[in-house]
Amino acid sequence: MRLLPLAPGGPRWDSRRHLPSCGRALLLLLLLLGGCLGVSGMTAGSRRPNVVLLLTDDQDEVLGGMTPLKKTKALIGEMGMTFSSAYVPSALCCPSRASILTGKYPHNHHVVNNTLEGNCSSKAWQKIQEPNTFPAILRSMCGYQTFFAGKYLNEYGAPDAGGLEHVPLGWSYWYALEKNSKYYNYTLSINGKARKHGENYSVDYLTDVLANVSLDFLDYKSNSEPFFMMISTPAPHSPWTAAPQYQKTFQNVFAPRNKNFNIHGTNKHWLIRQAKTPMTNSSIQFLDNAFRKRWQTLLSVDDLVEKLVKRLEFTGELNNTYIFYTSDNGYHTGQFSLPIDKRQLYEFDIKVPLLVRGPGIKPNQTSKMLVANIDLGPTILDIAGYSLNKTQMDGMSLLPILTGASNLTWRSDVLVEYQGEGRNVTDPTCPSLSPGVSQCFPDCVCEDAYNNTYACVRTMSALWNLQYCEFDDQEVFVEVYNLTADPDQITNIAKSIDPELLGKMNYRLMMLQSCSGPTCRTPGVFDPGYRFDPRLMFSHHGSIRTRRFSKHLL
């Protein structure tokens, strides 16, 4: 397949055609004015590093989601750094992907769910956020060739959002899936023109199609400018359709029976408590089958990674390329008797894999630093040499961690926020429950509700490994977990923890929910620089003041 990139405001142009000398001079001037000066330590005249971001869909870290990916772990993790404490600010596809692209928490990019009404790929998103994504900055200010292939945002391609003709600012090459994850029978927007695919494995299996167009890009791109690639696979999202050669693998694999598997969610939010315990045999068989199929789909992702790394090595680009591998959110299979989904505040849904290799990163490293996907954009811009002070991003650059900077001051907490979704009518599978629930299973277990709206502070320090969460419901329900003593988050200690610490966490949550840019990176409760005025926590009646959520936007 011959790849042709997009030309801003004009016809497509041949990717092998170089800029004329006057164009190169103008580009150099723009780069200097834009502040893309390259990472420290680059020699004069050397080209800035390339960057590849590999993003999977619904891949957990806590329940063994990386286990099938032996090649990926060897080619990226063992050749660089694995982050053991990587989190997403919202455990749902579209809000999390928006955080990756913008470097912002959901309350700042305003994508709250997977619908157009929730700002997922809406006209408002396109107008306000897309021009300020890190790929847009890479292309306009840093002179990077930018390539996208795969799932973008869940409502991308919707007629009310411009259809498949819409190509977001910042992309030289655009191969985007219409709407949500599929493996066959889908439509791609290829630089704004629709192309339908059927169900012939050799030409239509989406993971392999993404691999092939990515390799084509590496063959046809310009060699005079650095490049950024974002490859967003459907796996391991439902419908969990494995490639034919992998459909009989993992036959003896079952979902992990860890301590929080198939137990009642005692002292948790009502949505968790309503789950039927123990689960029915049919529910357990269903989730075991889903777990197995999810692993099968990841084997094709593993093949994609291997092909990509080998091609980069063959073309001589590998040593000058950073490769990031991560997921948009985690997943659960039976924890607290919830069959399958994400959306919850627990580790299995908010913790994701993050592996990075590249120039200056020593092999076989593991970092325990608390990081989030809002850090990916700042990190990639930092690699390109763009000043983060010129952005409105909430995240931090991981480059000092990756390159082993000494005396590094780092954050001790991150924000997690989610706005629940529910229907205004009673779900037919759960007539005993009132309107307001959604994502319900035949056994009348609902995975979401309109008041499954929460915000959490996830904090890690030398002495504390803690999660503090508040719900926007009539109870203003609170969940607190000490993950040092209780890594499976079985015991909610909200009523037994020190009230002073509870007050500090409540105040810190309010601070983070209203933060923007640099204020999102201020010292947390367990940082030496933290300052707390207890008078701010009390109303005239002496009760702890709590932050309430908006029903419309976080």
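Because the structure is a prediction, the values reported are computed rather than measured. All heavy atoms count here, side chains included; hydrogens, waters and symmetry mates do not.
- For the disulfide bond (SG atoms under 2.5 Å apart) test, residues two or more places apart in sequence or in another chain that qualify with Cys120 are Cys94.
- Tyr246 meets the ring-ring contact (aromatic ring centres under 6.0 Å, His included) test with no other residue; sequence neighbours excluded.
- Of the residues Tyr468, Trp464, Phe532, the one that meets the ring pair (Phe, Tyr, Trp, His ring centres under 6.0 Å) test with Phe526 is Trp464.
- For the pair Tyr156 and Ala176, the tightest heavy-atom approach, listed with the atom from each and the gap, is CE2-CB, 3.7 Å.
- Looking at residues two or more places apart in sequence or on another chain, you find a ring-ring contact (aromatic ring centres under 6.0 Å, His included) between His332 and Phe348.
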| field | Derivation and outcome, side-chain hydrogen bond (donor to acceptor under 3.5 Å, both in side chains), residues Tyr87 and Glu61 | value | CA-CA 10 Å; Tyr87 290 85; Glu61 194 275 337; over 6 Å; no
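- For the pair Arg97 and Tyr152, the NZ or CZ position fails the cation-pi test of under 6.0 Å to the six-membered ring centre and within 45 degrees of the ring normal.
- Take Lys123 and apply the side-chain contact (heavy atoms from CB on, under 4.5 Å) test, not counting sequence neighbours, and it matches Gln126.
- Using a 4.0 Å cut-off between charged nitrogen and carboxylate oxygen, Arg292 and Asp288 do not count as a salt-bridge pair.
- Residue pairs meeting the disulfide bond (SG atoms under 2.5 Å apart) criterion with at least one member in residues 469-499, sequence neighbours excluded: Cys456-Cys469.
- Among the candidates Asp58, Asp57, Asp349, the single residue satisfying the salt bridge (charged side-chain N to carboxylate O under 4.0 Å, His left out) test with Lys342 is Asp58.
- No side-chain heavy atom of Val352 sits less than 4.5 Å from a side-chain heavy atom of Asn373.
- Pairing of Cys515 with Cys520 by a disulfide is supported, the SG atoms lying closer than 2.5 Å.
- Remark: Ala494 pairs with Val478, Val480, Asn492 by the side-chain contact (heavy atoms from CB on, under 4.5 Å) rule, at least two apart or across chains.
- Evaluation of the disulfide bond (SG atoms under 2.5 Å apart) test over residues 250-290, restricted to residues two or more places apart or in two chains, returns none.
- For Phe261, the ring-ring contact (aromatic ring centres under 6.0 Å, His included) test picks out no residue, with sequence neighbours left out.
- The salt bridge (charged side-chain N to carboxylate O under 4.0 Å, His left out) contacts involving residues 442-466 comprise Arg343-Asp448, Glu347-Arg458, where partners must be two or more places apart or lie in separate chains.
- Looking at residues two or more places apart in sequence or on another chain, you find a side-chain contact (heavy atoms from CB on, under 4.5 Å) between Lys268 and Ile272, Phe336, Tyr346, Glu479, Tyr481.
- Residue pairs meeting the side chain to side chain donor-acceptor pair (under 3.5 Å) criterion with at least one partner in residues 392-416, sequence neighbours excluded, are Asn108-Asp394, Asp375-Arg411, Asp382-Ser397, Ser412-Asp527, Asp413-Arg508.
- Within the 4.5 Å cutoff, the side chain of Asn132 has no heavy atoms near those of the Thr391 side chain.
- The side-chain contact (heavy atoms from CB on, under 4.5 Å) search around Thr491 returns Asp486, Ile493, not counting sequence neighbours.
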